[in-house]
Amino acid sequence: MSNNQIDRQPLVTLLSDFGDRDVYVSIMKGVIAQINPRLTVVDLTHQIPPQDIAAARFSLMNAYAHFPVGTVHLAVVDPGVGSKRRAIAVEFAQGFLVRPDNGIFSGILSQSPAIAAVELTNLNYWRTPQPSKTFHGRDIFAPVATHLASGVPLKQLGQAIEPVSLVNLDIGNCKQTTTSVVGCIQYIDHFGNLVSNIPASYVQGKSWYVQVAGLSVPGCETYSEVKAGEIIALVGSHGWVEIAINCGDAHSQLQINLQDVLEVLFFSENQTSEYC
C-alpha cells in the first residue's frame, strides 16, 4: 500500500508539565474525546519539570519531525496562565502548533518557520466562554487543537497575528572559530545526559573533544567506547553533541547545569587523539 492510499486519521500530540499523579492530562483527553472521539492522541511526555519552558522547547523540537504532515502539536507548559500572555495557534510546514505564546515552540520554528499564526479569540471553539484562570489547557487549548485537527481552518480560530511577533525563547547560538565551537547546555534528559546546542554537523568526520568545567572529554560515537563510569562526549539520537557518563548520571556527578558553557575542540592533522 502506498502512502497515498493510507487513510490518515487526525492526530494530536500532547505535551505538558502535569505529571501523572493528578487527573489534568486525563481531563484534557476527555475534552478532546467529547469533541471528536475518533481523534488519535499521542502523549509526547507529561514529565516536563514544572514551568520549565526550555525543557519543553527542546522536547518538542526533538519530536515533531517524526510525525506525519498535518499533525497538531498541543503543548501546555504555561507559567503565565491567566495573565495577558496570548493563546495562539500556528501553521508551519509539518502541521500546526497550539500553545501559550511563551516561546515553547521556538525550537521547532527555528527549523521550520511559521507560515501563519492566530490569537485564539474565537470563543466558539473554546470549551466555555468563561475559561478557568488556571486551566487553559482544558478550556482553550485542548478544544482548539481538536477542532483544528478535525478540519477547522486556522483563520477561523481567531485574529491573525504576525509570526514575527511570536515570543522567542532565546537559549543562545553556538559560535564557531577556526579551531573550536563554543556552545552551552540546552537540555538534561532522564539519564542525566547533558545535551548541548552544538549540532552534529560541526563534528561529523572530525576528531574532537570537549572542554567543560575544567574537564577534557573524549568525542566518541557510542557510550560503550569508554568503561562504565567514565565520561564521554558524543552525538545523541537527537542530533546534538551531548556529554554523558557510561552507565551513570553526568548531571549529578559532574554538577554541570543548563546554560553552562562548553567548547568542542578539533585535533589538527598532525595531532592524534588519545581518546576513542
Side-chain angles (χ1 to χ4, degrees), residues 48-49 52-65 77 92-93 97 101-114 163-189 191-223 225-226 230-245 249-276:
I48 297 295
D52 192 338
I53 298 171
R57 170 195 175 278
F58 179 85
S59 299
L60 290 158
M61 179 175 62
N62 189 31
Y64 81 94
V77 178
F92 73 121
L97 313 171
D101 188 18
N102 58 11
I104 197 171
F105 282 114
S106 55
I108 292 178
L109 296 178
S110 70
Q111 298 179 351
S112 181
V164 294
S165 73
L166 301 178
V167 172
N168 178 53
L169 184 62
D170 184 12
I171 65 163
N173 296 317
C174 61
K175 298 179 181 179
Q176 187 174 26
T177 71
T178 55
T179 58
S180 69
V181 183
V182 177
C184 69
I185 303 301
Q186 67 168 326
Y187 182 70
I188 301 169
D189 73 10
F191 297 98
N193 298 327
L194 304 160
V195 183
S196 78
N197 65 341
I198 299 175
S201 58
Y202 284 94
V203 299
Q204 285 176 342
K206 299 177 181 178
S207 296
W208 56 283
Y209 65 101
V210 171
Q211 286 189 341
V212 61
L215 302 169
S216 292
V217 184
C220 302
E221 293 187 354
T222 67
Y223 300 108
E225 289 178 52
V226 299
E230 291 186 354
I231 186 173
I232 187 174
L234 71 166
V235 174
S237 63
H238 39 62
W240 305 90
V241 171
E242 71 173 44
I243 299 168
I245 290 179
D249 185 325
H251 177 228
S252 62
Q253 293 184 48
L254 302 177
Q255 295 298 298
I256 297 172
N257 298 303
L258 291 172
Q259 294 294 308
D260 282 357
V261 174
L262 75 160
E263 185 175 15
V264 170
L265 295 104
F266 303 103
F267 293 101
S268 68
E269 293 181 0
N270 297 324
Q271 290 178 306
T272 57
S273 169
E274 299 175 356
Y275 301 137
C276 302

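Small disclaimer: the values here were computed from a predicted structure and weren't measured.
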Does the side chain of [Y] come within less than 4.5 Å of [X]'s, by heavy atoms?
X	Y	value
Phe191	Asp249	no
Leu254	Ile243	yes
Ile188	Leu258	yes
Val195	Ile185	no
Ile231	Val226	no
Ile171	Arg57	yes

Do any N or O atoms from the side chain of [X] and from the backbone of [Y] form a donor-acceptor pair under 3.5 angstrom?
X	Y	answer
Ser110	Gly107	yes
Ser59	Ala55	yes
Asp260	Asn257	yes
Asn173	Gly183	no

Among Val181, Val182, Val212, exactly one meets side-chain contact (heavy atoms from CB on, under 4.5 Å) together with Glu263. Which residue is that?
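With Glu263 as partner, side-chain contact (heavy atoms from CB on, under 4.5 Å) holds for just one option, Val182.
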Could you measure the distance from the [atom1] atom of [X] to the [atom2] atom of [Y]? Nearest 0.5 Å is fine.
X	Y	atom1	atom2	answer
Asp189	His238	CG	NE2	6.5 Å
Ser201	Gln176	OG	CD	8.5 Å
Tyr223	Asn193	OH	CG	4.5 Å
Ile232	Ile245	CD1	CD1	11.0 Å
Leu262	Ser196	CG	OG	5.0 Å
Asp170	Ser106	CG	OG	8.5 Å

I need the minimum non-hydrogen distance between [X] and [Y], along with the two atoms involved.
X	Y	result
Ile53	Gly103	CG2-C, 4.3 Å
Asp101	Val167	OD1-N, 2.9 Å
Ala233	Val210	CB-CG2, 3.8 Å
Asp52	Ile48	O-CG2, 3.5 Å
Gln186	Asn197	NE2-CA, 3.6 Å
Gln259	Cys184	O-CB, 3.8 Å

What pairs with Tyr64 under ring-ring contact (aromatic ring centres under 6.0 Å, His included), at least two apart in sequence or on another chain?
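Scan of Tyr64 (ring-ring contact (aromatic ring centres under 6.0 Å, His included), adjacent residues dropped) gives Phe92.
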Would you tell me whether Glu225 and Thr222 have side-chain atoms, one donor and one acceptor, within less than 3.5 Å of each other?
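Yes, side-chain donor-acceptor contact under 3.5 Å.
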Less than 3.5 Å apart, any donor N or O on the side chain of His251 or Gln255 sitting next to an acceptor on the other?
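Absent: no donor and acceptor within the cut-off.
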For the pair Leu60 and Ile104, evaluate side chain to side chain contact (heavy atoms under 4.5 Å, CB included) and give the outcome as yes or no after the intermediate values.
CA-CA 8 Å; Leu60 290 158; Ile104 197 171; 3.8 Å; yes
Can you classify the ring geometry of Phe58 versus Tyr187 as parallel (below 30°), tilted (30 to 60°) or perpendicular (above 60°)?
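Geometry flag for Tyr187 against Phe58: parallel rings.
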Take Thr179 and Leu265, measure what side chain to side chain contact (heavy atoms under 4.5 Å, CB included) needs, and give me the verdict at the end.
CA-CA 6 Å; Thr179 58; Leu265 295 104; 5.6 Å; no
Are Tyr209 and Phe266, when compared by the centres of their aromatic rings, separated by less than 6.0 Å?
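No, the ring of Tyr209 stays outside the 6.0 Å limit from the ring of Phe266, centre to centre.
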